[in-house]
Asks: 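Sending over a structure as C-alpha cells; questions will come in a sec.
Just so it is clear, the structure is predicted and the values come from calculations on it, not from any experiment.
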Amino acid sequence: MRVQNIFRILSATLMVAVSSFASAKLTLHSLVSDNMVLQQQSDVCLWGQAAPGSRVIVMLSWQKSGEAASTKAGDDGRWMVNVRTPEASFNMHRIAVYETASRSVTDSVVVEDVLVGEVWLAAGQSNMEMPLKGFGGCCVKDGVLHAMQAKRLSPYVRMYKVPKRQSMKRQEECSGAWATPEFRNAMDYSATAYFFASALSNALQVPVGIVNCSYGGSHVESWISDDVCRRYEDIPQDSLGIYNFGKWDFDRPMLMYNAMFHPVRHYAYKGIIWYQGCSNVGHHDVYAQRLADMVSLWRSDIGQGDIPFYQVQLAPYVFGEDASSTGGARLREAQYEAQFIIPNSDIVCINDLVLPLEKYNIHPSNKQPVGVRLSLLALNKTYGMTDIACSGPRFNKNKFRIENGKAVVGFDTNEYGICRNYGLEGFEIAGDDRKFYPATAEFKWQTNEVFLSAEEVPEPVAVRYCFKDFQIGNLIGGNELPLFPFRTDNWE
C-alpha cells in the first residue's frame, strides 16, 4: 500500500480516536510545521511536546510502507526524533506524528507541503532583518518588485522568521511560521536572505529554506551565551547590569541568544550567513575573537560540525564625526581578520554597493548584490563550483614595497585578475608624518600591482585603501567583486 494511502486511512481513523481523548497534549515545535524545508540527505531533528511518558511515532511520506521513527516523551513531555531525509526535489512531502498511550492513539498532527532541499540560518542585525518592503525612511532597491515576482521566479524559496524577543532564560520554543513566496509574504522576507536563497535555488535547482534569526541593533555579544560571556570583563553577569547595559534595549548581551537562537538550534542547517557589526563599532579590538566565540558556540549547539559561516563586511557609513573617521574601517578590519580564526568561513565585501547620498543611511538599499555575493561563496566553497569567482582582490602584505618614491601594492586574485585598471580611486599614501593624501594610482598588468604616488608625499611609508568610515573605491576583479579595504600601517 502506498504511503500516501496510509496517511489518508490513518487520518480518517484518528479523527474518531482522538476525539475521545481530551487530555491529549501533542504539539510540534513551530519550525516543524506546514511549508517547512528540510536539509536534504541529512539526519534531521523533529521535536515537540507530548503527554509525559507517551510514545510518539513519526511517519514520513518518503519512507517505505511500514517504516516509522518513534521515541518516548520524557517526564517533562519533551520528545525528539532524528530521521533521514531524501535527496532534494520539488516534490511535496507529508509528516504525520502520533501520540500513543496504552496502545491507543491519543493525538496526531500532520505537517503538509514539506520540501526537501537546502537550509541556511540567516542572522545578525538590521541589515539582515531588513525586509523586501524596506524600513521606514529606508527602501530596498526594487524590493517590492522582487516581492511581486518571487512566486514566479523563486517558487521554492521559503522563510521562517524567528520573532524578535529577549529573555534572561534560555527558551525552547518561538512562535514563528514558514512563509511561502506569495507577494504579501515575500514583502516581509529578509531582503539579503531572499536574494541569497533565490540565487542558490535557481543555481542548484533545489528548494531553499531560510531561518531568519535577526534583531536590529544587536551586538555580537547579544548572540552569545552567559557561559561564554563570563570570559569578558566588560560584560555584566547580573540581570540588572544586563538590562542596563548600553544605551538601548538592543544593546543587551546574551538575551537574543536565549530567546531567538536557542529555540532553533536543533534544526538541520547547511550553513550560516551573518550580517552584523554596526553596533560593535568602537570595540574592534575584541570583535574578531568574540565573533569566533559565537560561531564556535552556535556550531556546538547545532551539532553538525563546522558548517560554513559566511559574513558580510560592513558597508561604508559615517559612524564618527565625519566621513574621514575610521571607527567603521577598524571594525571592517576586525571582520576581515575573523575569517582567519573561524574555520570554514569567509567574507564578502560590499564597499561598492552604496551611493554617496547614503553616507548617513546605515541601511543601504542595494541588497540584491549582497545576497548574490553570499551565494557565490556558497556555490564555490560549499557546493563545489570552484570555477565561479567568489571573492574580490585581496591585498597581499608580502607584495608591499617602496620603490623610487612610489608605494607599490600587490594582490591575491582569482584567475580573472584585476578587471578595472584605470581611473582607480580610493587609494591614499602617507609619509612619516602619518598624514594621508589621495594617491595617483597606476596599474601594471604585467605584475598585477598598483604604483601609488602623491606630490605631498615624496617618501611614502604607508598605504590605505578605503580605510575610512565612508569611502568608496572602484578596483574590481572577477564577477565585478571589489577589492577589500586594507591598510599597511598599524597606527592608532
Asks: Between Asp346 and Lys381, is there a salt bridge with N-O shorter than 4.0 Å?
Replies: yes
Asks: Hydrogens and angles aside, do Asp306 and Asn344 bring a side-chain donor and acceptor to less than 3.5 Å of each other?
Replies: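 Side chains of Asp306 and Asn344: no pair found under 3.5 Å.
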Asks: Give a yes-or-no answer on whether the side chains of Arg165 and Ser175 include a donor-acceptor pair shorter than 3.5 Å.
Replies: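 Their side chains do contain a donor-acceptor pair, which is all the 3.5 Å distance test asks for.
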Asks: Please tell me whether Tyr156 and Asn202 have a donor and an acceptor in their side chains that are separated by less than 3.5 angstrom.
Replies: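 Side chains of Tyr156 and Asn202: no pair found under 3.5 Å.
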Asks: Do Asp489 and Arg487 sit within salt-bridge range, that is, some charged N less than 4.0 Å from a carboxylate O?
Replies: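 Looking at Arg487 together with Asp489, the answer is yes, because their closest N to O distance falls below 4.0 Å.
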Asks: Is Asp352 salt-bridged to Arg373, going by a charged N under 4.0 Å from an acidic O?
Replies: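 Salt bridge between Asp352 and Arg373, a charged N being under 4.0 Å from a carboxylate O: yes.
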Asks: Evaluate the criterion ring-ring contact (aromatic ring centres under 6.0 Å, His included) for residue pair Trp298 and Phe261; output intermediate values, then yes/no.
Replies: CA-CA 8 Å; Trp298 284 22; Phe261 171 76; 4.3 Å; yes
Asks: Could you verify whether a donor N or O on one side chain and an acceptor N or O on the other, from Tyr336 and Gln311, lie under 3.5 Å apart?
Replies: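 Gln311 and Tyr336 do not have a side-chain donor-acceptor pair below 3.5 Å.
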Asks: Check this for me, if you would: do Arg170 and Asp226 make a salt bridge, where the nitrogen-to-carboxylate-oxygen distance has to be below 4.0 angstrom?
Replies: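 Judged by the 4.0 Å cut-off on N to carboxylate O distance, Arg170 and Asp226 do form a salt bridge.
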Asks: Tell me whether Lys164 forms a cation-pi arrangement with Tyr215, defined as NZ or CZ under 6.0 Å from the six-membered ring centre and within 45 degrees of its axis.
Replies: yes
Asks: Do you see a donor-acceptor pair shorter than 3.5 Å between the side chains of Gln171 and Ser167?
Replies: yes
Asks: Is it true that Lys367 and Asp142 have a side-chain N and a carboxylate O under 4.0 angstrom from each other?
Replies: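 No, Lys367 and Asp142 are not salt-bridged.
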Asks: Which value, rounded to the nearest 0.5 Å, describes the distance between Leu31 atom CG and Glu173 atom CD?
Replies: 8.0 Å
Asks: Would you mind telling me which of Ser222, Ser279, Ser218 makes a side chain to side chain donor-acceptor pair (under 3.5 Å) with Gln125?
Replies: Ser279
Asks: Determine whether the side chains of His262 and Asp301 contain a donor N or O and an acceptor N or O closer than 3.5 Å.
Replies: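 The criterion, which ignores hydrogens and geometry beyond distance, is not satisfied for Asp301 and His262.
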Asks: Can you check whether Ala389's main-chain N or O pairs, donor with acceptor, with Asn479's side chain at less than 3.5 Å?
Replies: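 Yes, the answer is positive, given that a donor and an acceptor are paired below the 3.5 Å cut-off.
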Asks: Using 0.5 Å steps for rounding, measure from the CD atom of Glu492 to the CZ atom of Arg434.
Replies: 9.5 Å
Asks: Donor-acceptor pair, Thr85 side chain versus Ser42 backbone, under 3.5 Å?
Replies: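 The answer is yes, because a donor-acceptor pair under 3.5 Å joins these two groups.
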Asks: Scan side-chain atoms only and decide if Ser33 and Tyr160 contain a donor-acceptor pair under the 3.5 Å cut-off.
Replies: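 Checked: Ser33/Tyr160 side chains show no N/O donor-acceptor pair below 3.5 Å.
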Asks: Say whether, by atom type as modelled, one donor and one acceptor occur between the side chain of Glu172 and the main chain of Pro263 under 3.5 angstrom.
Replies: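 The answer is no, because no donor-acceptor pair under 3.5 Å joins these two groups.
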Asks: Parallel, tilted or perpendicular: which describes the rings of Trp120 and Tyr383, with under 30° parallel and over 60° perpendicular?
Replies: tilted
Asks: Test your reading of the model: is there a side-chain donor-acceptor pair from Asn474 to the backbone of Glu425, 3.5 Å cut-off?
Replies: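 Checked: pair present.
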Asks: Which atoms form the tightest heavy-atom contact between Asn127 and Cys278, and what is the distance?
Replies: ND2-SG, 4.4 Å
Asks: Identify whether NZ of Lys or CZ of Arg in Arg394 sits under 6.0 Å from the centre of the six-membered ring of Phe484 and within 45° of that ring's axis.
Replies: yes
Asks: How would you list, by chain and number, every residue that makes a salt bridge (charged side-chain N to carboxylate O under 4.0 Å, His left out) with Glu182, sequence neighbours excluded?
Replies: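 With sequence neighbours excluded, Glu182 shows a salt bridge (charged side-chain N to carboxylate O under 4.0 Å, His left out) to Lys151, given in chain and number order.
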Asks: With a 6.0 Å cut-off on ring centres, are Tyr194 and His146 close enough?
Replies: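 Ring centres of His146 and Tyr194 not closer than 6.0 Å.
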Asks: Whether the Gln166 and Arg252 side chains hold a donor-acceptor pair (N or O, under 3.5 Å, no angle test) is what I'd like checked.
Replies: yes
Asks: Nearest 0.5 Å please: distance from the CG atom of Leu255 over to the CD atom of Glu221.
Replies: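 Atom-to-atom, Leu255:CG and Glu221:CD are 12.0 Å apart.
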Asks: Taking Ser325 for the side chain and Glu321 for the main chain, is one N or O donor matched with an acceptor at less than 3.5 Å?
Replies: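 Yes: the side chain of Ser325 pairs with the backbone of Glu321.
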Asks: With distance as the sole criterion, is a donor-acceptor pair present between the side chains of Tyr189 and Asn212 under 3.5 Å?
Replies: no
Asks: Does any donor atom in the side chain of Ser126 or Tyr275 lie under 3.5 Å from an acceptor atom in the other side chain?
Replies: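 There is no such pair between these side chains.
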Asks: Any luck finding a side-chain donor-acceptor pair between Tyr267 and Gln39 under 3.5 Å?
Replies: no
Asks: Is there a donor-acceptor pair closer than 3.5 Å between any side-chain N or O of Thr192 and the backbone N or O of Gly371?
Replies: no
Asks: Measure the CD1-NE2 distance between Ile224 and His219 for me, rounded to the nearest 0.5 Å.
Replies: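 If we round to the nearest 0.5 Å, Ile224:CD1 and His219:NE2 are 12.0 Å apart.
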Asks: Looking at CE of Met159 and CD1 of Ile210, how far apart are the two atoms once the value is rounded to the nearest 0.5 Å?
Replies: 5.5 Å
Asks: Would you mind listing every ring pair (Phe, Tyr, Trp, His ring centres under 6.0 Å) that reaches into residues 410-434, with sequence neighbours excluded?
Replies: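 Every pair satisfying ring pair (Phe, Tyr, Trp, His ring centres under 6.0 Å) with a residue in residues 410-434: Phe427-Tyr465.
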Asks: Under the 3.5 angstrom rule, does the side chain of Arg184 hit a backbone N or O of Asp188 as a donor-acceptor pair?
Replies: no
Asks: Could you tell me whether the side chain of Val461 reaches within less than 4.5 Å of the side chain of Ile402, counting heavy atoms only?
Replies: no
Asks: Is a donor on one side and an acceptor on the other found under 3.5 Å between the side chain of Arg464 and the backbone of Ile429?
Replies: no
Asks: How long is the span from the CG atom in Leu132 to the OG atom in Ser190, to the nearest 0.5 Å?
Replies: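 Answer for the CG-OG pair, Leu132 versus Ser190, is 8.0 Å.
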Asks: Do Lys406 and Glu449 meet the salt-bridge criterion of a basic N to acidic O distance under 4.0 Å?
Replies: no
